[in-house]
Structure formats: structure tokens, C-alpha cells
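Basis for what follows: all heavy atoms, side chains included, without hydrogens, waters or symmetry-related copies. Numbers restart at 1 for each chain; the letters A, B, ... are given by sequence-line order, proteins then strands.
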There are 2 protein chains.
Amino acid sequence: MPRDHRRAKSIRVLLAEDQGMLRGALALLLGMEADIEVVAQVGAGDAIVDAALTHRPDVALLDIELPGMSGLDAAAELRTQVPDCRVLILTTFGRPGYLRRAMEAGAAGFLVKDGPVEDLAAAIRRVLSGETVVDPALAAAALSAGPNPLTARECDVLKASAGGATVADIAAGLHLSESTVRNYLSSAIGKTGTRNRMEAMREARQQGWL
Amino acid sequence: MPRDHRRAKSIRVLLAEDQGMLRGALALLLGMEADIEVVAQVGAGDAIVDAALTHRPDVALLDIELPGMSGLDAAAELRTQVPDCRVLILTTFGRPGYLRRAMEAGAAGFLVKDGPVEDLAAAIRRVLSGETVVDPALAAAALSAGPNPLTARECDVLKASAGGATVADIAAGLHLSESTVRNYLSSAIGKTGTRNRMEAMREARQQGWL
DNA sequence: ATCCGGGCGGGACAAATGTCATGGCCGACC
DNA sequence: GGTCGGCCATGACATTTGTCCCGCCCGGAT
């Protein structure tokens, strides 16, 4: 005989968020909803799939920027490994490219960390009932921005150039010639319409292309 | 006749945090503590002092990175304009320089956003009772790291060089000659022991010097 | 009175960065 | 089979960046 005293079946939620305080606060608040139960909390991206396999949540609430594995990549993995689990992305940045990638990864919803906490439980319920939860303005922005024009290699080089790495550093890190690296950087700078690698990185990040 | 049903006087808290969801969640949780009352919530640094003057909180819980005015600057202002209000800094980054500046600004405590939510209410009570709340390991790091070696101008130039601005941009923005800008950048790079402006910025940020 | 240290700028030079043209290699697509 | 695009690489070149000189003006400390 189940020890659950509630009549309605409660919604099982997996919570992935690296900031301990926010994770704890959200878990407590969600746990107070009568029909919601937080069955797992993780602080790293590479723990998401394991936790989902173990606890079989109905909804996974995923941050994007996580140590280990991105929440977007985790969403894609969940799609195949735990297909019954619906994914709700919860992120600081409403970048067009993030939303696009979230949708391509099969996410059912996309929330930004601004906006009131009250939205959260509501979004979880709507997502579970089959709705897709996305801010319309953000969706429009994502559509009008168009897809990522950068090739995989150009993204690699931009990512590797973060933190002030020199061309030589990047070349060594990616096992490329220095000339090749400069060519990729140059073309990324061209495609982003910027003047140097820093601006190109900024722009690519802003768009959610990295 | 006061409508407050509790016997004990409750602790009046001002909450300054730009991320809406975290702000809302913390406000709800703190409000559930029997002896704590959130009397004001703000999402911008330049609203802190006004709100404190209006609502006369016992404790101000301040994020550092805020739009408008830094939580550290706001703490310094509170020190003079609302001296009875104790300041508890709540930040994502446990940078040594942040802790140092927080203490110099008269903060009574310094919490990082990792670590459990449960610490928060406890820290508020301890701060109010006169204790200073600081993670000992972080305090040691701040002490051993030494003070900021950069001059005010060097900081300005580093800040202005964020986002990929060229020397010409920085010079124009700060009304300086390009030679001067390059000299400041060079000396900042030297003092940080780095190889270029990007690394210098990274390091200076890491240390909390900006 | 002298000596810092900081703010500001100039000039010269080496190194890093960004651009461009060119070419080979591959796989996908028509 | 031909074409196109991505990946990788060279070499030459202009521009930017970083370094090291030098100098001037100030205000505060000794």
C-alpha cells in the first residue's frame, strides 16, 4: 500500500541547477505545491541522465550553463534515453540560439530566470499536460534571428579563444596550424560582422551560438 | 493596534537581487521564517538606498552584480545614510577582492550563492546579533591574496577594454591619447602577470579588482 | 628642497592579429 | 562527372597590440 496520502498523482520533478542557493530554494518551493514532488536534485550536467534513469521524473527542469555537460546536450540525451520525461529549460539568458537549440533538442518549454517564481509551477503543469511553454516575444526573436551561420570548426576556435588564448594556444589545443586558426577566426569575424575575435565571441555568445 | 500577531519583534529584511526568480524564491522562503519579514525587494542597485530609507530594514541582503549600482557601492552608501542597517552581501563569486571591498564598505557578512539555503536565515540572525559572518577559507584567501595592485586608471582602462574594444575605442571613451591607453594596458598586463589585455581582464575580474 | 608615485603623452620597435588569395582533400548533392 | 561547401594549410601583407624608452605636470611625504 503506497504511503502517499494525496489523492492526485503527484508530478515527479528532476531539478538541475548549479547554483546551490537557487536549487535549494526552488526545490523547497516546488515541494510545497500539493501536486509536485522534487524527486532528484543535481548540480552538474553529467549527472542528469543518471538521475533521470534512476528516479524516472515526469519533468526535468534544466539550467543550460552547468558544469560537466550543457543542459541542452542533456536534454537531447534524455530525449532518447528517457523519452517519457518532458524537458523544461530554465536559463539566465534568453538567447535566440539557446531557444532554437532547446527546441531542436526536444524541449517542451523554455523559461528565463527573470520573471516571477509563480510562473514555474504553472509551466511545469502546462508542460506535463502537453503544452509547449515559450515566451512569444522570445520565440519571435529566435525565428527572426535565423540559424547559426558558423561552422562547427569556427565555433570550436571561438570557444577556444575565450580567456585570452593566443593563436598559438588555440592551434595547440585543437591540433591545427596557426594559419588555419587565423583563417577560421577571420571568417568568424566576418560572419558576425565584428572587428576582432573578442567582439566575435561576444556576438556569438549573445546569439547562443556557442 | 498593530496587526502583527507574533510576540517577538520580527527582523526587517531588504532584499536586493537582480535575478527575478531567485529574488522571489528567497523572499518567499525568508517570509516563512517566524522571525523574519521581507519589507522590500529591489532588482537594481540604485534603488537600494531609497528603499532602505523608506522601509528602515534591520538587514540588507545585497547581491554585488546589479544593474545601476554595485551592491558594494550601495553598502558603502548605506553605512552613512542608514547606519542602523546591517549589510549582508550575497554573491555568486567568492572573489578575494570582493570580500575585501565588502569589509571595507562596512559589510557585516559575506555569503556565496552556492551552499545551502538554510544558511541564509541563520546568517541573517547572526549578523543582526552583532556577529560577522564570513567563510573562513575565503577570508584566508582574501588575506593572502593581498590588495589590488592596479591604479584607478588601470582599472578604468581594463573595464573599458571589455567586449573587444580597440585601443582607439578606449581612448575615445575615456578622453585619453592612444599612447596613454596602451601604456596603462601594458602596465596592467605586467602587474597581473599575463600576456595580453584579455588575460589581464580575466585575472583582474577573478580577483575582484574591477 | 627633494623625492617619490601617479596621471598623461610621444616615438620607435617587435610581436601578434586580421585579411586575402591560393590550393589540396574530402563528402554530399544533382 | 561536375559542383559546392567545409576542412586544412601556406605565404604575403597591413594593421593592431604590447613593450620600452623618454618626457612633462602634479601633490604628498620625508
Side-chain angles (χ1 to χ4, degrees), chain A residues 97 100-101 104 145-210, chain B residues 97 100-101 104 145-210:
Chain A
R100 172 177 239 103
R101 283 158 65 193
E104 283 164 4
N148 182 353
L150 302 175
T151 70
R153 245 19 194 149
E154 286 160 356
C155 284
D156 290 343
V157 171
L158 275 190
K159 276 185 263 186
S161 91
T166 66
V167 171
D169 295 338
I170 305 170
L174 296 177
H175 308 291
L176 287 177
S177 138
E178 300 197 9
S179 305
T180 306
V181 170
R182 297 205 308 207
N183 285 337
Y184 282 142
L185 281 175
S186 184
S187 86
I189 291 168
K191 286 179 181 178
T192 51
T194 51
R195 296 173 300 169
N196 53 48
R197 62 179 77 177
M198 266 299 292
E199 284 191 354
M201 270 191 40
R202 244 176 74 67
E203 177 66 13
R205 266 196 217 293
Q206 188 74 22
Q207 295 290 335
W209 291 336
L210 303 187
Chain B
R100 178 181 295 268
R101 284 158 64 192
E104 284 165 2
N148 182 351
L150 303 174
T151 69
R153 242 24 191 145
E154 286 160 357
C155 285
D156 291 343
V157 171
L158 275 190
K159 275 186 264 185
S161 91
T166 67
V167 172
D169 295 340
I170 305 170
L174 295 177
H175 308 292
L176 286 177
S177 140
E178 300 197 9
S179 304
T180 306
V181 169
R182 297 209 312 215
N183 286 336
Y184 283 145
L185 280 175
S186 184
S187 86
I189 291 167
K191 286 179 181 178
T192 51
T194 51
R195 295 173 302 170
N196 53 48
R197 61 179 80 178
M198 267 298 293
E199 285 190 354
M201 270 191 39
R202 245 177 74 67
E203 176 65 14
R205 267 196 216 293
Q206 189 74 22
Q207 295 290 336
W209 290 339
L210 302 188

Using the rule given for side-chain hydrogen bond (donor to acceptor under 3.5 Å, both in side chains), can you reason through A/E199 versus A/T192, listing the C-alpha separation, both sets of side-chain angles and the distance that settles it, and then say yes or no?
CA-CA 8 Å; A/E199 284 191 354; A/T192 51; over 6 Å; no
Which residues within residues 146-181 of chain B lie with some heavy atom under 4.0 Å of an atom in DNA chain D?
B/T166, B/V167
Rounded to whole angstrom units, what separation is found between the CD1 atom of A/I189 and the P atom of C/dC20?
11 Å
Round to the nearest Å and state the distance from B/R182 atom CZ to D/dT17 atom P.
8 Å
Locate the shortest heavy-atom distance separating A/C155 from A/W209; write the atom from each residue and the value.
SG-O, 3.5 Å
For A/I189 and A/R197, the nearest pair of non-hydrogen atoms, with its separation, is CD1-N, 3.6 Å
In residues 191-204 of chain B, what residues come within less than 4.0 Å of DNA chain C, judged by heavy atoms?
none
Interatomic distance, A/L185 CG vs C/dA16 C1' [rounded to whole Å]:
12 Å
Roughly how far apart are A/T180 OG1 and A/L174 CG, rounded to 0.5 Å?
10.5 Å
Please determine which of B/V167, B/T151, B/V181 meets the side-chain contact (heavy atoms from CB on, under 4.5 Å) test together with B/V157.
B/V181
Over all atoms of both residues, closest heavy-atom pair of B/A168 and B/E178
CB-OE2, 3.5 Å
Using 0.5 Å steps for rounding, measure from the CG atom of A/N183 to the CZ atom of A/R153.
13.5 Å
Test for a donor-acceptor pair under 3.5 Å between the base of C/dT22 and the side chain of A/N183, counting only N and O atoms.
no
Gap between atom CD of B/E203 and atom CG of B/L210 - 0.5 Å precision:
10.5 Å
